[in-house]
J.: 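Would you mind keeping the following structure in view while I ask a few things?
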Amino acid sequence: MLLHGETTSREIVESVATAIASRDHTIGGYLSSDFERAVVEAEAADLSLPLGGIPIALKDNINAEDHPCSCGSRFLKNGYLAPYDATVSSMLKRSGAVLFGRTNLDEFAMGSSTENSAFKKTRNPHDLGRIPGGSSGGSAAVVAADMAVAALGSDTGGSIRQPASHCGVVGLKPSYGRVSRYGLVAFASSLDQIGPLTKTVEDAALVLQAIAGNDPKDSTCLPSEVPDYASSLEGGIRGMKIGLPREFFEDQALDSGVRAKVEEALAKLEAEGAELVELSLPSTAYAVAVYYILAPAEASSNLSRYDGVRYGKRVDEGDGIISMYRDSRAKGFGSEVKRRIILGTYVLSSGYSGKYYLKAQKARTLIQQEYQEAFKKVDVIIGPVSPTPARKIGEHAESPLEDYLADVYTISANLAGICGLSVPCGTVERQGSHLPVGLQILGPHLAESKILQAGRAWEQVRDSGSPAPS
Ligand code: GLN
């Protein structure tokens, strides 16, 4: 419509602003937005660029120069402005996107519900009494509620895919090293990746195209050439081998309604000519334990930079520097972040690192190898994203472990460094609400084209409305 002159980028930005004004007081997806600047940028946008004039929201842990970057934490509240652009921010700008708003998240991206934000809870647009998922819950909710055309999130153990699944949007976690992490506030550096949350698979491909590629500022970013993601998008599903991990489908925790939706989708894909191949990923049983040792270990190290000296909050009662460190960290961090720092410090301590941290590293290698073997037999692996639809707000307030266990289908992709996509596959009814379910499509390292192709094929089958074959 933009290219045909049927709308203007100013109109698009204004429609987003209007949607936020009418809806965000109930949903709470944004921590901040700046439309004065956005309108000026929209009017100046070069429409010949791939994302020319398109407003894109950023999770509030991705730096964009002169925008806030609170990470959902009291530590960085009150006027902290990012002094520089993350590589993804400068790449989006170069593609013509308008960066106007900052979305809510679990503090420092730790969580699966966005309830761990120090500022507010974001609500699921499909049922305001439920979580949007997390940690990129704000990004998923604003896309679902038409309050942004697209958003970026970060995924360390599922934080793009799981909220996408809960909010009924598309979420893509790129392979480790595909997208630069420079300027993403680090949670667990060996697992973090930035990726898009969008309405459609095609949009996810467009945004990925804009942000993927090598970056001399991130030594873990890969020099491999970035393919043209749009060119293979319509390749269809015929002949594709889809792996179904037994451990995902036999899981006792998998909700029967969610299972039925995923199985229905698989039956339809099979009817379109995909080949379903049962396989086994036995180390799935250890993934949660491995992740909740490695991620907190890395987090405890990354978060040592918040000491009251260099960034954000300082609490100084005049009792010396050690008290200043301690009081700043005691008041700056919320309880989930503290829990992870304590856990991470413990598993890295000299007496225990062999027993926990090194052991977990070895198990991580096994998980990686299992996926490599599996992808010798199949093109993609499909299963659920989350064992249940979005739960109620406050339901796990006393038992964080319940949320950790629900990460079982997403975290292996981060441990193995592979890519994963969540695409909506219908809804299940709970107490009168129709709650979205996501179909997870995992692919080998750097096989984003494949999972996008499979995701696009699924959208077409889904939207054609043909009944599942019996
Ligand atoms: N839910 C996971 C956690 O709490 C994943 C978070 C993420 O991917 N940032 O750590």
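In this chain, residues are counted from 1 in sequence order. First listed ligand is number 1; within each ligand, the first listed atom is number 1.
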J.: Find all atoms of ligand 1 within a distance of less than 4.0 Å from any non-hydrogen atom belonging to D155, and give their numbers and elements.
T.: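 Numbered from 1, ligand 1 contributes 8 (O).
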J.: Just to confirm my output: which protein heavy-atom neighbour is closest to atom 4 (O) of ligand 1, and how far is it?
T.: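 Nearest protein contact, heavy atoms only, for atom 4 (O) of ligand 1 is R340 NH2, 2.8 Å.
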J.: Would you give the length of the straight line joining atom CG of L421 to atom CZ of R161, rounded to the nearest 0.5 angstrom?
T.: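 CZ of R161 is found 9.5 Å from CG of L421.
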J.: Could you list the atoms of ligand 1 found under 4.0 angstrom from a heavy atom of S112?
T.: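 Counting from 1, the qualifying ligand atoms are 1 (N).
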J.: Report the C-alpha distance between K313 and S73 in whole Å, list the side-chain angles of each, state the deciding distance to 0.1 Å, and finish with yes or no for side chain to side chain donor-acceptor pair (under 3.5 Å).
T.: CA-CA 10 Å; K313 194 177 185 73; S73 178; over 6 Å; no
J.: Any nitrogen or oxygen of A109 lying under 3.5 Å from a nitrogen or oxygen in ligand 1? Just yes or no.
T.: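 So ligand 1 has an N or O lying under 3.5 Å from an N or O of A109.
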J.: Anything under 30° is parallel, anything over 60° is perpendicular, the rest tilted; go ahead and classify F333 against F108.
T.: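 Ring orientation, 0 to 90° scale: perpendicular.
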J.: Below 4.0 angstrom from a heavy atom of G158, which ligand 1 atoms are there? Numbered from 1 as shown, please.
T.: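 Reading through ligand 1 atom by atom, the close ones are 8 (O).
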J.: Looking at S175 and R178, would you say the former's side chain and the latter's main chain have a donor-acceptor pair under 3.5 Å?
T.: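 No.
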J.: Check each heavy atom of Y292 against ligand 1 and say whether those closer than 4.0 Å belong to the side chain, the backbone, both or neither.
T.: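 Within the 4.0 Å criterion, Y292 contacts ligand 1 through side-chain atoms alone.
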J.: Please check whether G157 reaches ligand 1 - meaning an N/O of the residue sits under 3.5 Å from an N/O of the ligand, judged on distance alone.
T.: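 The answer is yes, given that G157 and ligand 1 share an N or O pair closer than 3.5 Å.
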J.: What are the atoms of ligand 1, with element, lying closer than 4.0 Å to any heavy atom of F187?
T.: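 The list of qualifying atoms is 9 (N), 10 (O).
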J.: Provide, to 0.1 Å, the distance between atom 2 (C) of ligand 1 and the closest protein heavy atom, together with that atom's residue and name.
T.: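 The closest heavy atom on the protein side is D407 OD2, 3.2 Å.
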J.: For atom 5 (C) of ligand 1, which protein heavy atom lies nearest, and how many Å away is it?
T.: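 Looking only at protein heavy atoms, the one closest to atom 5 (C) of ligand 1 is Y291 OH, 3.3 Å.
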J.: Within the side chain of S136, is there an N or O that forms a donor-acceptor pair under 3.5 Å with the backbone of S159?
T.: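 Indeed, once roles are kept as given, a pair shorter than 3.5 Å links the two residues.
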J.: Quick one: look up the protein heavy atom nearest atom 6 (C) of ligand 1 and list residue, atom name and how far away it is.
T.: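 Of the protein heavy atoms, S159 OG, 2.8 Å lies nearest.
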J.: What's the spacing between L294 CG and S190 OG if we round to 0.5 Å?
T.: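 So the gap between those two atoms works out to 6.5 Å.
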J.: Identify which one of R391, K120, K392, K121 satisfies the salt bridge (charged side-chain N to carboxylate O under 4.0 Å, His left out) criterion when paired with E115.
T.: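 So, applying the salt bridge (charged side-chain N to carboxylate O under 4.0 Å, His left out) to E115 and each of R391, K120, K392, K121, only R391 qualifies.
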J.: Between F75 and Y311, is the gap from one ring center to the other below 6.0 Å?
T.: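 No, they do not, as the ring centres are separated by 6.0 Å or more.
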J.: Is the closest heavy-atom distance from S135 to ligand 1 below 4.0 Å?
T.: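 Contact check S135 vs ligand 1: positive.
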